[in-house]
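In the text below, chain A, chain B and the rest are named by the order of the sequence lines, each starting its count at 1.
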Amino acid sequence: MREVQPVIKGVRGAPDILPAEVGRWRQIEVGARRVLENYGYQEIRTPMFERTELFVRGIGEGTDIVDKQMYTFEDRGHESLTLRPEGTAPVVRAYLEHGLVTKGSLCKVYYIGPMFRHERPQAGRFRQFHQIGAEALGVEDAALDAEVLDLLSHLFDTLEVAGWQLHLNSIGCETCRPVFRERFALSMLGKKAGLCPDCLVRLERNPLRILDCKVEGCRALAAQAPTPLESLCGECEAHFRKLQGLLQLLKIDYSINQHLVRGLDYYTRTTFEFVNPALGAQNAFAGGGRYDLLVTEMGGPPTPGIGFAIGMERLLLSLPPERPGEAWAGVFAVTMGEEAFHLGLRLVQELRRQGLRAALDMERRSVKSQMRLAHKERYRHALILGDDELRAGMATVKDMAHGGQEQVPLPEVVERLTRGEDQAQQKEA
RNA sequence: GUGAGCGUAGCUCAACGGUUAGAGCACUGGACUGUGGCUCCAGGGGUUGAGGGUUCGAAUCCCUCCGUUCACCCCA
């Protein structure tokens, strides 16, 4: 009557990233860091959790994220904490807390790391997912918006993202957005009968979201309603027009998408998404916008800002297939018998200290098996130590890529192999 | 939170309600008693997601639960 111990499984929506996939993650991290730093951004690392209040204030009550997607818990001091669902609010918090910027200067930071939202997983959507994000604080000019979009388009070209598209919109500022919101809601109120049930709820809670409903009837009705762009105030319109001019100057293709309404409250003026139509329902792999009111909202001095986040899982899905396997490198010692094994251990230790990848079999397998292992693990050289070699004070060094082998006196083995590896690497490069 | 599809070996998948649930890949060993890749041979691996029901008989049909995938919603 033994209780069967259940295997403890991972948490739903929080997938493992296995060794075979890590190379691609590193590839985009390295590429992103390089581009971001070339554009003047510095890395910042904020904690994975914050006081719940930070996100409620920053993202906004009534948004889906705050209302039903946050991982919130009480810590032992009875303080409500939340696993970060996004990166902007924490960065702004840190910015204010440490006075990261002196008045009038531009502060550019980026982050890479996991975010947490309690949603039902589906293609391109997870409960723990990873973002590469950046925030630029302190400049209101549309030139900064253009630079951000240039950065992203350059990054996606560098990473060879296939067929990406930039969607652009402006949702106005504190003066024109409420006006538009009012006009739009009023217009939809008159057409209530034609709206889907979801949109009836949206009409109450956040009418602008009707704009990106996918139901045909709602789309048609929204098309007749006032559009955000024709409702912009003079300053917002000028900002948007300037941005478009700069994008043309920088030769960045975009299309205006007036249905682009983002789900976080803090956005003002410019909003954008980078879309890959091949991705399925969750086809936006990067998104962001301007948030000129957020810093004051969080108790800081009036400070304009703009930021974006790239969904790494979705970016990964947009990348070309991985290139052929890694080059052969390192040394695998093939030993026969105890004495040879001990010699192998010492040589492997020394090779590792010299900075080489090196290993040997610890299960006393047959020579054939050890050779198979060396081949499977892509070692560049096999260092064969058998009775014949020990008797002669030599080792057999076999080139696994080309098949040739030679005898090397034991005292010279390490030097010979380190040199051989250098040459092999130079040849590959 | 709602809906639909799918759960069979480590992976990808077979098996009209009817013998002992199979194949490819992977893994281990051998052919080659000290040499990888190619080939051939052999071997280990399964409570068919779990529980219940129908039936002489269930991987197969029904119910419940769990997991997973996709979609809605929302967003990266």
Sugar-phosphate or base contact per nucleotide [nucleotides 65-76 of chain B; S, B, -; heavy atom under 4.0 Å]: --SB-SBBBBBB
Annotated protein contacts, base or backbone, on nucleotides 39-45 of chain B with a non-hydrogen cut-off under 4.0 Å, one of B, S, - each: -------
Closest to the Lys376(A) side chain, choosing from G34(B), U35(B), U28(B): U28(B)
May I have the distance from [X] (atom [atom1]) to [N] (atom [atom2]), rounded to whole angstrom?
X         : N      : atom1 : atom2 : value
Glu339(A) : G34(B) : CD    : C1'   : 16 Å
His381(A) : U35(B) : NE2   : C1'   : 15 Å
Asp361(A) : G34(B) : CG    : P     : 15 Å
Arg365(A) : G34(B) : CZ    : C1'   : 17 Å
Leu373(A) : U35(B) : CG    : P     : 16 Å
Lys398(A) : G36(B) : NZ    : P     : 7 Å
Phe332(A) : U35(B) : CZ    : P     : 16 Å
Tyr379(A) : G36(B) : OH    : C1'   : 14 Å

Arg120(A) vs His118(A), side chain to side chain contact (heavy atoms under 4.5 Å, CB included): CA-CA, chis, key distance, verdict: CA-CA 7 Å; Arg120(A) 193 85 164 253; His118(A) 189 102; over 6 Å; no
Name the orientation class of the two ring planes belonging to [X] and [Y] (parallel below 30°, tilted from 30 to 60°, perpendicular beyond 60°).
X         : Y         : value
His154(A) : Tyr39(A)  : tilted
His375(A) : Trp328(A) : tilted
Tyr291(A) : Tyr266(A) : perpendicular
Phe272(A) : Phe274(A) : perpendicular

Note, Glu174(A) side chain near Thr268(A) side chain (heavy atom, < 4.5 Å): no
Min side-chain heavy-atom separation Leu166(A)-Leu152(A) under 4.5 Å: no
Provide the distance between the two [atom1] atoms, one in [N] and one in [M], to the nearest whole Å.
N      : M      : atom1 : result
G49(B) : C16(B) : P     : 15 Å
U47(B) : G57(B) : P     : 24 Å
G22(B) : A15(B) : P     : 14 Å
C32(B) : U39(B) : C1'   : 13 Å
C66(B) : U28(B) : C1'   : 34 Å
C6(B)  : U60(B) : C1'   : 15 Å
C13(B) : C56(B) : P     : 36 Å
C63(B) : U68(B) : P     : 22 Å

Heavy-atom donor-acceptor pair, Gln405(A) side-chain to U35(B) base, under 3.5 Å: yes
Distance-only donor-acceptor test, Glu389(A) side-chain atoms vs G34(B) base atoms, 3.5 Å: yes
Phosphate-side-chain proximity, Lys368(A) and G36(B), N/O vs OP1/OP2 below 4.0 Å: yes
G30(B) phosphate, OP1 or OP2, under 4.0 Å from Ser366(A) side-chain N/O: yes
Other residues, nucleotides, ligands: >12 heavy atoms within 6.0 Å of Arg352(A) CZ: yes
Arg34(A) CZ: over 12 foreign heavy atoms closer than 6.0 Å: no
Given Phe156(A), Phe308(A), Trp164(A), the one that forms ring-ring contact (aromatic ring centres under 6.0 Å, His included) with Phe285(A): Phe156(A)
Upstream residue (5' side of RNA chain B) when Thr396(A) and His118(A) are each assigned their closest nucleotide: His118(A)
Full working for side chain to side chain contact (heavy atoms under 4.5 Å, CB included) between Asn276(A) and Leu317(A): CA-CA 9 Å; Asn276(A) 175 0; Leu317(A) 291 171; over 6 Å; no
Helical stems, RNA chain B - three or more consecutive Watson-Crick or G-U wobble pairs below 3.5 Å: B:1-7 with B:66-72, B:10-13 with B:22-25, B:27-31 with B:39-43, B:49-53 with B:61-65
Ring-face cation of Arg357(A) near Tyr379(A) (centre distance under 6.0 Å, axis angle within 45°): yes
Face-on cation placement of Arg364(A) at Phe341(A) ring, 6.0 Å and 45° thresholds: yes
Touch class at under 4.0 angstrom, heavy-atom based, for Glu363(A) against every strand present: nothing
